[in-house]
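All chains are named by letter (A, B, ...) in the order of the sequence lines, taking the proteins before the strands, and each is independently numbered beginning at 1. Keep in mind that the numbers below use all heavy atoms, side chains included, and drop hydrogens, waters and symmetry copies.
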Amino acid sequence: MMIRELLAQRFRDAFAAAQAQGALPPGAPADEIIERPQKPEHGDFACTIAMKAARTLRLPPIKIAQAVVPLVDKGAEIQDMDIVPPGFINVRLSPAWLQGHVEAIRAEGERFGHVASGAGRRVQVEFVSVNPTGPIHVGHARGAVLGSALANIMAAAGYDVTREYYVNDAGTQMQLFYRSLYARYLQALGRQAEMPQDGYRGQYVVEFCQELAKEMGTRLADMPEEQGLAEIGRIGLERMLAAIRTDLEAVRVTFDVWFSERSLFADGTYEKSMELLKQGGYLVNRDGALWFESTRLGDDRDSVMVRRTGAPTYFASDAAYHYNKLCVRKFDRVVDIWGADHQGHVNRVKAVAEALGADPSKLTVIIGQMVALKRGGEAVRASKRTGELVTLRELVEEVGQDACRFFFLARSPEAQMEFDLDLAVKQSQDNPVYYLQYGHARIAGILRNAAERGLRHDDGDVALLTAPEELDLIRKLLSLPELVEAMAQRLEPHHLPHYALELATAFHLFYDRCRVISEDEALTKARLKLVDAARIGMAQCLRLMGMATPDRM
RNA sequence: GCGCUCGUAGCUCAACGGAUAGAGCGCAGCCCUGCGAAGGCUGAGGCUGUGGGUUCGAGUCCCACCGAGCGCACCA
């Protein structure tokens, strides 16, 4: 059990005991009674049970606190407790208990920070899922980084995680893309060909088709148009997906499953989900098109599923896809990460999930707000259609993968953010990314140094770690598992970069105040143990964020 | 016009309904003849967009307004 939960239990027991003795009137305590104070002088934890019960018990919070505190089992964990107006109970952990965790952390090693809150539950995180009609650009970077970090965190929380990319390989946009490729290919062969209306005019299409013309010669042009189009589409899709995969790997974003939209039509999932909607009476015919009545389930407008032409819309296959996620593969939890431009689809998808018989509360859609790219003071417009694109690849080359990940991760998804390219590069000598990694490298340096001197610290006595900076570092390390659990539960990875900075600060401060390798052999060994624990914690943070853990810089 | 999201230090951003709202960058100073100065310390800098409300307590919840972004297709 984690310390936080253990404390909550102790306070609930004491509260009940006080009631049993008649010291407090009956009434249930609140659910959330333990929190982390902002100020260190307020202790390691604060219990708010007294203030939260004041109303129902009709007693001043101070009186309640005074009745509860004497009955709390302090065990080996609690050093002391203070009652502070208006009714906080501040808890200080015992140094011995803190010190013991240095050993615990070292014993856990790479598993330190992992918790079991998600054990036995399967979660799917679907993210990026960009149409394979062009390279990944910076607008997608945020969701990519966010999704991969969230998946890492969920895995650390014990979930069985599937990282998934939904490949829209079936829609009208793809047809348009294929026709654009075909036209550019013919042009590359020197033939007359017109780009389709609203076609993909990016330079990458031109370049790709020139290569293709070189490779294939006129072979694809000599086929009947329909066949050539299909063939060039097949090749284009394959190459585009490969490029997307490579670009994503450059920011350490990988997937377990690349799920094909077309497969939903091939394996009958689409038919099945449409049939279910029909049986539920959610489908109506209007003007020759088939509509899903999402307004019956709280949406603000109905949605077309099958066009008058007979072609299913994107939404129809998305309905089938979510049927697959929730009812076929039966994930316990499904997280979709979308861009702000898909905001209006959230209620629609939730409605259709419900109509398909799934529990919509299992589905969470995280909307990542737009990223405004700036270069100097100038806004950079990124758009595939106009061909003015700033690719993810360019961004990574400019600011580096670690900086890229850190900056995207440090902001909560719903906050619109600005990313100034010049600033990110200019800051690179003095930016938080280096602060963290320098901390890790510094730790590695000390351990290297100790090893070179033949110092072994397995028999170090952690009871010697009594300096405030030492205990603060241990405290900070200890809160990582708690943070992982909270982030997984709330689906909020953005706390991790902030925690990592605090951990680095605690280490740097310790380093500054407490000489590790000294003439005092016993203290040296004890401190080396702490440094080792700090290495484990720091590395875990960086790994969860998908950042490098350099031993030297 | 309607819907969703967001307005917090000069800039970029944090803050389970809790205590004197915190970091980083930038700015002004100080600290290496001992393990990595890519570090540490000190200081200046805020009516949390505005106005109401809910309660022991509001940056956080509710209402109105102002401002920004994104939606409101038989595109995805």
Side-chain angles (χ1 to χ4, degrees), chain A residues 31-32 34-39 41-42 46 48 51-52 54-55 60-61 84-88 90 129-131 133 168 171-174 176 198 286-291 300-301 303-315 317-318 339-347 367-370 372 407 410-420 423-424 426-439 441-450 453 486 489-490 492 494-495 497-498 501-502 504-505 507-509 511-518 524 527-528 531 552-553:
Chain A
D31 289 336
E32 293 289 324
I34 300 292
E35 53 190 60
R36 286 279 191 178
Q38 293 186 31
K39 304 230 165 236
E41 56 268 33
H42 291 140
T48 53
M51 290 183 291
K52 285 179 173 158
R55 199 166 316 156
V84 182
F88 288 103
N90 291 336
S129 300
V130 178
N131 275 2
T133 55
N168 292 112
T172 53
Q173 285 302 316
M174 285 315 288
L176 188 59
D198 297 324
R286 254 178 244 160
D287 308 324
L290 197 58
W291 292 72
D300 52 6
R301 68 178 195 88
S303 318
V304 173
M305 299 210 98
V306 181
R307 300 181 182 89
R308 212 163 10 193
T309 61
T313 60
Y314 150 87
F315 176 62
S317 47
D318 220 23
D341 52 342
H342 288 65
Q343 180 70 252
H345 295 268
V346 176
N347 286 340
I367 297 294
Q369 291 297 322
M370 292 293 162
F407 282 116
R411 281 118 182 89
S412 70
E414 64 267 20
Q416 295 157 220
M417 62 172 286
E418 286 199 354
F419 201 116
D420 190 323
L423 199 64
K426 198 163 68 183
Q427 280 186 345
S428 65
Q429 275 317 298
D430 218 350
N431 93 28
V433 176
Y434 294 87
Y435 186 79
L436 295 184
Q437 295 185 324
Y438 179 69
R442 207 177 207 188
I443 290 169
I446 296 170
L447 293 173
R448 202 160 48 228
N449 196 329
R453 298 183 194 201
Q489 202 246 322
R490 291 155 60 186
E492 291 179 354
H494 71 274
H495 300 289
H498 293 97
L501 287 173
E502 289 170 11
T505 299
F507 174 75
H508 286 309
L509 193 57
Y511 173 87
D512 196 59
R513 302 293 162 77
C514 303
R515 166 110 199 146
V516 178
I517 299 172
S518 68
T524 296
R527 286 182 170 167
L528 282 171
V531 171
R552 297 174 200 270
M553 289 173 68

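Note that CZ of A:Phe315 and CH2 of A:Trp291 are 11.5 Å apart. Values are rounded to the nearest 0.5 Å. Once rounded to the nearest 0.5 Å, the distance linking CD of A:Glu414 with CD1 of A:Ile367 reads 10.5 Å.
The residue A:Ala486 sits apart from the nucleic acid: no heavy atom pair falls under 4.0 Å. Base contact: A:Asp287 has a heavy atom under 4.0 Å from a base atom.
When the P atom of B:rU5 is taken as reference, atom CD1 of A:Ile367 falls 10 Å away, rounded to whole Å. In this entry the distance linking CD of A:Glu41 with C1' of B:rA19 reads 10 Å, nearest Å. Distance NE2 (A:His42) to P (B:rG22): 11 Å, rounded to an integer number of Å. Protein atom CG of A:Leu501 is 14 Å distant from nucleotide atom C1' of B:rG39, rounded to whole Å. Whole-Å rounding puts the A:Phe507 CZ to B:rA38 P distance at 14 Å. B:rG36 atom P lies 8 Å from atom CD1 of A:Ile517, rounded to whole Å. Whole-Å rounding puts the A:Met51 CE to B:rA58 P distance at 13 Å. What separates CG of A:Leu447 from C1' of B:rG36 is a distance of 13 Å, to the nearest Å.
The phosphate of B:rA37 has OP1 or OP2 within less than 4.0 Å of a side-chain N or O from A:Tyr511. Taking side-chain N and O atoms only, A:Lys39 has a distance below 4.0 Å to OP1 or OP2 of B:rG22.
In this structure, B:rA64 and B:rU50 make a Watson-Crick or G-U wobble pair, each of the two defining distances being under 3.5 angstrom. In this structure, B:rG3 and B:rC70 make a Watson-Crick or G-U wobble pair, each of the two defining distances being under 3.5 angstrom. The partner of B:rA19 is absent, by the rule that a Watson-Crick or G-U pair needs both atom distances under 3.5 Å. B:rC41 is paired with B:rG29 under the Watson-Crick or G-U wobble criterion, all donor-acceptor distances under 3.5 Å.
Partners of A:Gln38 according to the side-chain hydrogen bond (donor to acceptor under 3.5 Å, both in side chains) rule, which considers only residues two or more places apart in sequence or in another chain, do not exist here.
Comparing the P positions of B:rA23 and B:rC4 gives an interatomic distance of 35 Å, to the nearest angstrom. Distance noted for atom C1' between B:rC56 and B:rC31: 46 Å (whole Å). Comparing the C1' positions of B:rG51 and B:rG43 gives a spacing of 36 Å, expressed to the nearest Å. B:rG49 and B:rA68 have their P atoms separated by 16 Å, with the value rounded to a whole Å. Distance check on atom C1': B:rA15 versus B:rA9 gives 15 Å, rounded to whole Å. B:rC13 and B:rG52 have their C1' atoms separated by 29 Å, given to the nearest Å. Across the P atoms, B:rU50 and B:rG39 are found 35 Å apart, a figure rounded to whole Å. Atom C1' of B:rG17 sits at a distance of 7 Å from the matching atom of B:rU60, rounded to the whole Å.
Taking the side chain of A:Met553 as heavy atoms from C-beta on, and the options B:rU5, B:rA38, B:rC35, the nearest nucleotide is B:rA38.
Of all heavy-atom pairs spanning A:Pro413 and A:His494, the tightest one is CD-ND1, 4.2 Å.
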- Task: Start with the C-alpha gap between A:His42 and A:Phe88, add the side-chain angles, then the distance that decides, and say whether side-chain contact (heavy atoms from CB on, under 4.5 Å) holds.
- Result: CA-CA 9 Å; A:His42 291 140; A:Phe88 288 103; over 6 Å; no

- Query: For A:Val531 and A:Leu447, what are the C-alpha separation, side-chain angles and deciding distance, and is it a side-chain contact (heavy atoms from CB on, under 4.5 Å)?
  - Reply: CA-CA 8 Å; A:Val531 171; A:Leu447 293 173; 3.9 Å; yes

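Under a 3.5 Å cut-off, the side chain of A:Thr524 and the backbone N or O of A:Ser518 do form a donor-acceptor pair. Checked by atom type and distance alone, the side chain of A:Thr313 pairs as donor or acceptor with a backbone atom of A:Met305 at under 3.5 Å.
Inter-residue side-chain proximity for A:Met370 and A:Asp341 is flagged as met; some heavy-atom pair is nearer than 4.5 Å. Inter-residue side-chain proximity for A:Arg442 and A:Tyr511 is flagged as met; some heavy-atom pair is nearer than 4.5 Å. Taking 4.5 Å as the limit, some side-chain heavy atom of A:Thr505 sits within range of a side-chain heavy atom of A:Tyr435.
Comparing A:Asp300 and A:Ile443 along RNA chain B, the residue whose closest nucleotide (by nearest heavy atom) sits nearer the 5' end is A:Asp300.
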Grab the N/O contacts between the protein and nucleotides 40-47 of chain B below 3.5 Å, and write none if there aren't any.
from	atom 1	to	atom 2	distance (Å)
B:rG40	OP1	A:Tyr435	OH	2.4
B:rG40	O2'	A:Asp512	OD2	2.8

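A glycosidic torsion no more than 90° from 0 defines the syn conformation, and B:rC32 adopts it.
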- Message: Please encode protein proximity along nucleotides 8-15 of chain B as a string of B, S and -, counting only heavy-atom distances under 4.0 Å.
- Response: ----SSSS

